[in-house]
Amino acid sequence: MKRIKIADIWKDQRISGPVLVKGWIRTLRNSKHFSFIELNDGSCLTNIQIIADNTLLNYTDVESLTTGSALAVSGTLRNSPGQGQSVEIHADTITIINKTPDSYPLQKKRHSDEFLRSIAHLRPRSNKYGAMFRIRSHVSMFIHNYFQNKGFFYIHTPVITGSDCEGAGEMFRVSNIKPGQMITQNGKPDFSSDFFGKETNLTVSGQLSAEMFALSLGDVYTFGPTFRAENSNTSRHAAEFWMVEPEMAFCDLTDTMTIAEEFIKYVVKSYLETCQEDFSLFSRFVDTELPHVMNTILSSDFERISYLEAVNILINSGKSFEFKVEFNSDLQSEHERFLSEEYFKKPVFIYNYPKNIKPFYMRMNDDDQTVAAMDLLVPNIGELIGGSQREERLDYLIKRMKDMGLKQEDYWWYIDSRKYGSVPHSGFGLGFERLLMLLTGVTNIRDVIPFPRTPGHIEF
RNA sequence: UCCCCAGUAGCUCAGUCGGCAGAGCAAUUGGCUGUUAACCAAUGGGUCCGCGGUUCAAGUCCGUGCUGGGGAGCCA
């Protein structure tokens, strides 16, 4: 008999009669003449209930099974007389694939996130993390669907890079030289003997590469791992995370905000349609406000205000912030939270930031003081998206690089793109894990990544 | 990196003023005619995070280290 997945049993109400399922025991209840076994195969949240009668040849083995054990069950799918489920399987044979010893750390009761994090190799077997990682897979596909449907091309930008793009934070060096064997000259490391012949790092952004392809294929996006060696110890930062970076030719900052808003709404809508069951777990047990949050995203027009307006709102709010609100400095976390959570109570774009707090590639505005940058702030998460219109004018770009002390020869190919057929173009980066946090109400980034990497943590 | 909080049974936690180490769940054994984190009874289970100190006496007070969590900065 062909094995059937439990998700298909719940999906297709017409299935009945003989079935074969394979999975792991979530819980087992013994009665006098038979046992109830809740079996889960990871295909969906809801278990299938197995009725194991004491007439089974191996019943004494079956009734002593433990949570986590692996079984193959063949039997008959029937309507259930009980309350909690429409159908159940009356087992004809139960093959014990693996009996789990009583040291199995997962129990049928609720565990803390901190404990489950310490057993990251087993936590996807729990309801919550099973749901989380099914959602993570689905949301990945929604992202591809959105861009593919709009004619964007998926670009695989390099993970190993020789350019210190945008000087964004600390980078992880890549080398094949053994520790202590790096040749030095005048006390400085000589990278010419290293694998690539120069200092090499893991990427902190695919943007500069993606720009080259936007200026060739029109609309492109990247979706892949990104690495930051910052010693950040917060619930919103990881050393390895995934980023979505669309880049669009013939597109200005306003267009970009429109696309970002449409994109977020598309993902939320697909999520609510496709992941109803797993979503319900998070809206019941993790954040009961989640349906409301999703509704707000779908039904509201995201606010769009300039940095100047944002600062004025903060100054006139009458709120006493720990950090003073000042022009020409970046907004603090508490400022961002106030704007999205208290003042607007919905996602808000803030655009046109002072040039001195933003990187060289952002397009200078006519006031010569601000650049065409935008951040999307969402309640509970903070910054979900950071983007900008890119500086397409060669003379502006070079002046800006000089002002910021960047060497042109390091960016010769980037500069080339402004010499040859340069056009207005824009893009943004979205933190995939932060999107998952928004969608599930989970407040720690370590709980939306299968095996999270943070400072001092590389287990698993 | 800085600030704050915590660490007691496999898990979640209680432990009063410094005076015999506790509960629920899990495990084991038995009971129970359809259960829904089943229920009932019994049994086993401890480096009270490590090290040092104060004290007649430390899970409890002090110092220090480690681990975990929350917040800040940086950012996505």
Side-chain angles (χ1 to χ4, degrees), chain A residues 26-38 46-54 63-64 66-68 78-85 88 90 100-119 122 126-127 166-170 204-207 225-245 285 321-323 329-337 357-359 375-378 381-387 428-438 443-449 454-457 459:
Chain A
R26 279 297 166 73
T27 177
L28 176 143
R29 296 179 287 273
N30 292 321
S31 192
K32 182 151 189 169
H33 301 296
F34 54 91
S35 299
F36 298 100
I37 300 172
E38 300 267 349
T46 307
N47 306 320
I48 187 79
Q49 177 163 280
I50 310 292
I51 308 300
D53 198 83
N54 66 357
E63 69 169 352
S64 70
T66 48
T67 301
R78 291 187 196 157
N79 290 329
S80 172
Q83 288 297 310
Q85 58 285 315
E88 62 192 16
H90 290 247
T100 295
D102 59 23
S103 57
Y104 185 60
L106 282 170
Q107 298 170 11
K108 53 184 155 189
K109 66 167 199 163
R110 194 187 163 280
H111 287 291
S112 69
D113 291 324
E114 291 80 10
F115 171 68
L116 290 169
R117 223 171 276 155
S118 73
I119 51 167
L122 297 175
S126 68
N127 286 337
E166 50 182 304
E170 294 294 311
V204 294
S205 165
Q207 180 199 316
T226 307
F227 307 88
R228 302 275 168 93
E230 287 290 337
N231 188 15
S232 294
N233 290 287
T234 81
S235 55
R236 305 180 307 283
H237 291 89
E240 177 178 334
F241 63 98
W242 280 56
M243 197 152 58
V244 182
E245 295 179 290
F285 300 118
F321 295 105
E322 192 188 338
F323 294 92
S329 68
D330 219 346
L331 300 177
Q332 304 289 321
S333 287
E334 57 176 341
H335 305 150
E336 297 182 346
R337 293 179 70 98
I357 57 170
K358 290 294 180 184
D375 283 355
L376 177 65
L377 310 180
V378 295
I381 306 295
E383 185 181 339
L384 178 66
I385 283 177
F428 62 84
L430 171 138
F432 181 55
E433 282 77 14
R434 290 189 182 172
L435 176 62
L436 289 172
M437 291 165 76
L438 175 68
T443 54
N444 195 314
I445 198 167
R446 290 179 279 249
D447 297 334
V448 304
I449 301 177
T454 53
H457 295 85
E459 195 67 48

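Here the structure is a predicted model, which is why all the values come from computation and not from measurement. Note on naming: letters A, B, ... go to the chains in the order of the sequence lines (proteins, then strands), and numbering restarts at 1 for each one. No hydrogens, no waters, no symmetry mates; every other heavy atom, side chains included, goes into these values.
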Given that both distances must come in under 3.5 Å, which nucleotide forms a Watson-Crick or G-U wobble pair with [N]?
{"N": "B:A6", "value": "B:U67"}
{"N": "B:G24", "value": "B:C11"}
{"N": "B:A72", "value": "B:U1"}
{"N": "B:C39", "value": "B:G31"}

Atom-to-atom span, [atom1] of [X] to [atom2] of [N] - whole angstrom:
{"X": "A:Glu383", "N": "B:C74", "atom1": "CD", "atom2": "P", "result": "11 Å"}
{"X": "A:Glu63", "N": "B:A27", "atom1": "CD", "atom2": "P", "result": "14 Å"}
{"X": "A:Met437", "N": "B:A76", "atom1": "CE", "atom2": "C1'", "result": "11 Å"}
{"X": "A:Arg78", "N": "B:G34", "atom1": "CZ", "atom2": "P", "result": "18 Å"}
{"X": "A:Leu377", "N": "B:C75", "atom1": "CG", "atom2": "C1'", "result": "13 Å"}
{"X": "A:Asp53", "N": "B:G34", "atom1": "CG", "atom2": "P", "result": "13 Å"}
{"X": "A:Glu336", "N": "B:G73", "atom1": "CD", "atom2": "C1'", "result": "12 Å"}
{"X": "A:Glu170", "N": "B:C74", "atom1": "CD", "atom2": "C1'", "result": "10 Å"}

Original post:
How long is the gap from CD on A:Glu322 to NE2 on A:His335, to the nearest 0.5 Å?
Top reply: 9.0 Å

**OP:** Give, for atom CG of A:Leu430 and atom CG of A:Leu384, the distance between the pair rounded to the nearest 0.5 Å.
**Re:** 4.5 Å

Roughly how many Å apart are [M] and [N], using the [atom1] atom of each and rounding to a whole number?
{"N": "B:U67", "M": "B:U54", "atom1": "C1'", "value": "26 Å"}
{"N": "B:U60", "M": "B:G15", "atom1": "P", "value": "15 Å"}
{"N": "B:C20", "M": "B:A58", "atom1": "P", "value": "12 Å"}
{"N": "B:U8", "M": "B:C48", "atom1": "C1'", "value": "4 Å"}
{"N": "B:G31", "M": "B:G22", "atom1": "P", "value": "30 Å"}
{"N": "B:A72", "M": "B:G63", "atom1": "C1'", "value": "27 Å"}
{"N": "B:U43", "M": "B:G69", "atom1": "P", "value": "38 Å"}
{"N": "B:U12", "M": "B:A26", "atom1": "C1'", "value": "11 Å"}

Ignoring backbone atoms, test whether [X] places a side-chain nitrogen or oxygen under 4.0 Å from the OP1 or OP2 oxygen of [N].
{"X": "A:Ser235", "N": "B:G71", "value": "yes"}
{"X": "A:Arg117", "N": "B:G69", "value": "yes"}
{"X": "A:Arg446", "N": "B:G70", "value": "yes"}
{"X": "A:Ser112", "N": "B:C11", "value": "no"}
{"X": "A:His457", "N": "B:G68", "value": "yes"}

Between [options], which one does the side chain of [X] approach most closely?
{"X": "A:Gln107", "options": "B:G69, B:U1, B:C11", "answer": "B:C11"}
{"X": "A:Glu230", "options": "B:G34, B:G70, B:C74", "answer": "B:C74"}
{"X": "A:His237", "options": "B:C74, B:U1, B:G68", "answer": "B:C74"}
{"X": "A:His33", "options": "B:U33, B:C75, B:A72", "answer": "B:U33"}
{"X": "A:Lys32", "options": "B:U28, B:C32, B:G73", "answer": "B:C32"}
{"X": "A:Thr234", "options": "B:G34, B:C74, B:A76", "answer": "B:C74"}

Classify the nucleic acid contact of [X] as base, sugar-phosphate or nothing, counting any heavy atom under 4.0 Å across all strands shown.
{"X": "A:Phe34", "result": "base"}
{"X": "A:Leu106", "result": "nothing"}
{"X": "A:Phe115", "result": "sugar-phosphate"}

Original post:
Do A:Ser80 and A:Gln85 get their side chains close enough for a donor-acceptor pair, meaning under 3.5 Å?
Top reply: yes

Subject >> Polar contact flag, side-chain donor to acceptor under 3.5 angstrom, A:Glu459-A:His457 >> reply: no

Original post:
Is a side-chain N or O of A:Arg117 found less than 3.5 angstrom from the main chain of A:Asp447, in a donor-acceptor match?
Top reply: no

**OP:** Could you tell me whether the side chain of A:Glu433 and the main chain of A:Phe241 form a donor-acceptor pair under 3.5 Å?
**Re:** no

**OP:** Looking only at non-hydrogen atoms, find the nearest pair between A:Ser35 and A:Glu63 and report the distance.
**Re:** OG-CB, 3.8 Å

Original post:
Which heavy-atom pair separates A:Ile449 from A:Ala238 by the least distance, and what is that distance?
Top reply: CD1-CB, 3.9 Å

Subject >> Comparing A:Lys358 and A:Thr443 on RNA chain B - which has the more 5′ nearest nucleotide >> reply: A:Thr443

**OP:** Name the residue closer to the 5' end of RNA chain B, choosing between A:Leu430 and A:Asn444 according to the nucleotide with the nearest heavy atom.
**Re:** A:Asn444

Subject >> Sugar-phosphate or base contact per nucleotide [nucleotides 35-41 of chain B; S, B, -; heavy atom under 4.0 Å] >> reply: BBBB---

Subject >> Whether A:His111 and A:Phe115 hold their rings parallel, tilted or perpendicular, with breakpoints at 30° and 60° >> reply: tilted

Original post:
Between the base of B:C11 and the side chain of A:His111, is there any donor-acceptor pair under 3.5 Å?
Top reply: no

**OP:** Please confirm whether any donor atom in the side chain of A:Gln332 sits under 3.5 Å from an acceptor in the base of B:G73, or the reverse.
**Re:** no

**OP:** Report the residues that fulfil side-chain contact (heavy atoms from CB on, under 4.5 Å) with A:Thr66, sequence neighbours left out, ordered by chain and then residue number.
**Re:** A:Ser69, A:Lys99, A:Thr100

Original post:
Side-chain contact, heavy-atom cut-off 4.5 Å: A:Gln107 with A:Thr67?
Top reply: no

